[in-house]
Student: 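There's a structure below that I have some questions on.
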Amino acid sequence: MSLSVHVCGSAGTHPGPGRACSGYLVTAPASGGDDAQAPARGDATPGGAGPTRLLLDCGNGSLANVQRACELTDLDAVLLSHLHPDHCVDLFGLYYALRFHPAGPQSMPVYAPAGAEALLRLMLSAEAAMHLPKVCRFHTVAAGDTFAVGGLRVELRAANHPVETVAARIEGGGRTIAYSGDTHVTQEVVAAARDADLFICDATWLDREGPYPAGIHCTGAEAGRMAADAGAGRLLVTHVVPTTNSAEVAAEAAGFFGGEIAIAEDGLEIVL
Ligand SMILES: [Zn+2]
Ligand SMILES: [Zn+2]
């Protein structure tokens with residue numbers, strides 16, 4: 001029983017040197033069915049056949065790193081936390097890779113807040129846009145939704161960000177991972193991370209360089225406080241803007257959270 005996260009993009013807001021924007025590959029082991037729940041919505045894949053791979057966010061450059069970990073056709077679904085470019089623009093690359101796959105056209109469930117398909121269409125030619133729904137099977141999701149992807153159960157909560165953003169609590173393989181998406185401090189995200197084995201939390205800024213406007217991102221200190229409030233086992237600080245030192249952000253978090261803290265770097269894998 002285990003659950004793993006492969007960091008495919010750790011940079012906040014824009015890519016940095018050798019760092020892609022948000023992407024986290026969550027993999028659950030093959031399940032005999034004990035963990036698989038009946039899907040509450042969408043076309044979630046059935047559990048039991050093999051490992052389940054869910055890609056959380058698909059920001060600039062992350063798709064290149066996903067392919068270091070698995071084939072794109074090994075992905076069971078993509079979940080977008082929100083529609084800011086640093087979380088969704090590599091969906092274009094995924095679309096083309098699947099549409100023109102050597103084995104023939106493929107398709108993929110994409111769970112995203114309202115407006116994802118319309119936004120993507122804006123960048124595509126009329127011909128490409130016509131094929132989009134066949135390749136990306138969009139499912140509009142919102143806070144409060146639950147759904148299953150193979151051996152993973154996903155529960156969504158409202159993050160605190162200027163556009164509609166969902167935080168995710170993901171259970172599978174006997175473990176729980178929470179992902180804040182982009183968020184400022186909110187009890188909704190704390191609830192998503194309650195007793196999670198791993199809390200992947202927005203820690204874009206340094207508290208000591210603030211104050212920053214409310215309702216956008218967390219500082220390292222705020223990420224640490226949320227992890228402590230949630231009783232999370234481990235904290236992964238991420239989405240640090242490339243002009244800020246990630247180690248300093250993690251040190252701020254350590255002032256509030258006594259558990260293990262890891263710093264997100266592209267290629268990092270955490271097995272729970
Ligand atoms: Zn972001
Ligand atoms: Zn954002």
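The analysis underlying the following values was restricted to heavy atoms, covering all of them including side chains, and did not include hydrogens, waters or symmetry mates. Counting starts at 1 for both ligands and their atoms, in listed order. Keep in mind the model is a prediction, meaning the values are calculated, not measured.
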Student: Could you pull out all residues at least two apart from Glu265 that satisfy salt bridge (charged side-chain N to carboxylate O under 4.0 Å, His left out)?
Tutor: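 So Glu265 forms no salt bridge (charged side-chain N to carboxylate O under 4.0 Å, His left out) with any residue.
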Student: Rounded to the nearest 0.5 Å, how far does OH of Tyr24 lie from CG of Asn65?
Tutor: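 Result: 12.0 Å between the selected atoms.
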Student: At their closest point, which heavy atom of Gly93 faces which heavy atom of Leu63, and how far apart are they?
Tutor: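 Shortest heavy-atom contact: C-CD2, 3.5 Å.
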Student: At distances under 2.8 Å, what protein N, O or S atoms surround the Zn ion (ligand 1)?
Tutor: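 Near the Zn ion (ligand 1), the protein supplies Asp86 OD2, His87 NE2, Asp182 OD2, His239 NE2.
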Student: Report the C-alpha distance between Thr27 and His6 in whole Å, list the side-chain angles of each, state the deciding distance to 0.1 Å, and finish with yes or no for side chain to side chain contact (heavy atoms under 4.5 Å, CB included).
Tutor: CA-CA 8 Å; Thr27 304; His6 192 111; over 6 Å; no
Student: Considering all heavy atoms of both residues, which atom of Leu25 and which atom of Cys70 are nearest to each other, and what is their separation?
Tutor: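 In this case the closest contact between Leu25 and Cys70 is CD2-SG, 3.9 Å.
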Student: Grouping I, L, V, M, F, W and Y whenever their side-chain heavy atoms are under 4.5 Å apart, do Tyr179 and Val185 come out in a common cluster?
Tutor: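 Cluster IDs for Tyr179 and Val185 differ.
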